[in-house]
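Read through the structure below, which is laid out as structure tokens, and then see the notes.
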Amino acid sequence: MTEIWVLGGTGRSGRAIAAALRTRGLEPVLVGRDEARLTAAADGARTVRAATVDEMAVAIRRDRPAVVVNTVGPFARTAAPIAHAALATGAHYLDLANDVDAATTLLGLDAAARQSGSTLVTGAGFGVTAAESVALWLCRDEPVPDSVRVDTVPSLGLEEGPVGEALAATLLEGFAAGGRAGRHYRGGRLVPVRLAGDLLRLRLPDGEEVASVSVPFGDLVAAQRVSGAPDVVAGSSEGPTSALVRASIPVAAVLLRNGPVRRFAVRRLAGLRLAERARPRSHSWAHASARWSDGRVREGWLRLGDAHEFTGAVPAELARRLLDGEGAPGATTPAAMFGTGLAEACGGEYSA
């Protein structure tokens, strides 16, 4: 049990994670459905062909890897069966989930993980890790704040190629589930709110201005857990900031709840080819602001490079630490387990 498996190893995230593992002296086992693409991406290393999530779960139970990194969406469908396979063998599990439902489902396996001796980490990508890291950094050595808001501003290049079925399904199924309502924490409880509300205009430390709106991402759950604040809002510059688009969201969400309509939309989006694009700004950012009962307000920033490179580095660093026995059994998020230093180990810099 010393192997690190990367599920979806031929996809963009899988390849980035594999590259980051190799820079740490670790050779991953790539798992996927296309034998030719696996062979090309693995460059002579071991691969495992598994065409479905069920086949991946069977292979995990059979071969018993030490760490499983799941990059296959939609995570609301893939996380539970893969995590249960890891639990059955005592393996550690990581995923890139960034939606409320997938995050809360995995965190709900905490007792099972403690019993099996496994560590389950959800949200091991840019959004969750960056947002919770800056919130944790801002609230260090402070009493629990009354309220916290986190916002993420990713900057990443695009590579030419199709969107792909997994990403298309992740986007549209998540939208169908949460499009009618966003989520906030109020009084320590998740409550429905207007999606893409709470428009905030941020001036980045480098002087650029961006708009951010609230979105029901896993950032919300992670920021509440590390800060303890009863009232939490999570926003992103990737959310729809146009008034017209925001107004049309409830109608589109209703349409996408129709199974045939959603499947048709997934197929069309999956086949859409993206043009190569350089990243729009030099840095990615995560921002947190907190308010305390005595009236004090503080804010903090986490500066990163390409958001996609960070999404490769975080799972690789987590896998290395778990393989070295640095984790603890249970279900958690990245910074909640390893603190603010995790983002710094992956190239991040904090500032007030």
Got a sec: does the CD of Q115 have more than 12 other heavy atoms crowding it under 6.0 Å? no
I'd like to know whether CZ of R62 has more than 12 heavy-atom contacts from other residues, nucleotides or ligands below 6.0 angstrom.
yes
The salt bridge (Lys or Arg N to Asp or Glu O under 4.0 Å) partners of E326 (sequence neighbours excluded) come to R320
Sorted by chain and residue number, the salt bridge (Lys or Arg N to Asp or Glu O under 4.0 Å) partners of R24 (sequence neighbours excluded) come out as E317
Test item: [X] and [Y] side chains (from C-beta on) under 4.5 Å apart, heavy atoms:
X	Y	result
S118	Y93	no
T122	F75	no
V221	T104	yes
L96	P315	yes
H283	L204	no
R291	D231	no

[Y] backbone acceptor or donor facing [X] side chain under 3.5 Å:
X	Y	value
Q224	A229	yes
S227	A135	no
T129	G123	yes
R15	T10	yes
S133	T340	no

Would [X] end up clustered with [Y] when hydrophobic side chains under 4.5 Å apart are linked, directly or stepwise?
X	Y	value
V233	F217	no
V213	V153	no
V134	L136	no
L107	L318	no
V68	L120	yes

Per-pair distances, 0.1 Å, donor-acceptor, side chain in residues 302-309, under 3.5 Å, sequence neighbours excluded:
residue	atom	partner	partner atom	Å
R303	NH2	E349	OE1	2.9
R303	NH2	E349	OE2	3.4
D306	OD1	H308	N	2.7
D306	OD1	E309	N	3.2
D306	OD2	G157	N	3.4

At what distance, to the nearest 0.5 angstrom, does [atom1] of [X] lie from [atom2] of [Y]?
X	Y	atom1	atom2	value
M56	L7	CE	CG	5.5 Å
D101	R77	CG	CZ	13.5 Å
E208	W285	CD	CH2	10.0 Å
Y185	L220	OH	CG	5.5 Å
F126	T311	CZ	OG1	7.5 Å
N98	T152	CG	OG1	7.5 Å

Do you know the tightest heavy-atom contact between [X] and [Y]?
X	Y	result
P216	V100	O-CG2, 3.3 Å
L199	A211	CD1-CB, 3.9 Å
L106	A83	CD1-CB, 3.7 Å
A50	V31	CB-CG1, 4.1 Å
G330	D110	CA-OD1, 3.3 Å
P65	A91	O-CB, 3.2 Å

When you check the gap from the basic side-chain N to the acidic O, do R22 and E27 get nearer than 4.0 Å?
-> yes
Using a distance-only test with no angle check, is there a side-chain donor-acceptor pair under 3.5 angstrom linking D206 and S282?
no
Residue set satisfying side chain to side chain contact (heavy atoms under 4.5 Å, CB included) with H92, at least two apart, ordered chain then number -> V67, T119, L322
Side chain to side chain donor-acceptor pair (under 3.5 Å) filter on T333, not counting sequence neighbours, yields E132
So side-chain hydrogen bond (donor to acceptor under 3.5 Å, both in side chains) across residues 134-144, not counting sequence neighbours, yields E142-R296, E142-R298
- Please step through side-chain contact (heavy atoms from CB on, under 4.5 Å) for the pair L21 and V6, ending with a clear verdict. CA-CA 10 Å; L21 283 166; V6 180; 4.0 Å; yes
Requested in this report: Applying side-chain contact (heavy atoms from CB on, under 4.5 Å), run through R46 and D63 and close with a yes or a no.
Outcome: CA-CA 12 Å; R46 188 165 103 82; D63 292 356; 3.6 Å; yes
query: Going through the distances and angles, do T332 and R225 end up as a side-chain contact (heavy atoms from CB on, under 4.5 Å)?
result: CA-CA 9 Å; T332 186; R225 283 168 57 87; 4.2 Å; yes
Item to complete: Determine, step by step, whether N70 and T78 satisfy the side-chain hydrogen bond (donor to acceptor under 3.5 Å, both in side chains) criterion, reporting the C-alpha distance in whole Å, the side-chain angles of both residues, the deciding distance to 0.1 Å, and the verdict.
Response: CA-CA 8 Å; N70 180 15; T78 68; 3.3 Å; yes
side-chain contact (heavy atoms from CB on, under 4.5 Å) between V215 and E238, worked out: CA-CA 9 Å; V215 286; E238 298 298 284; over 6 Å; no
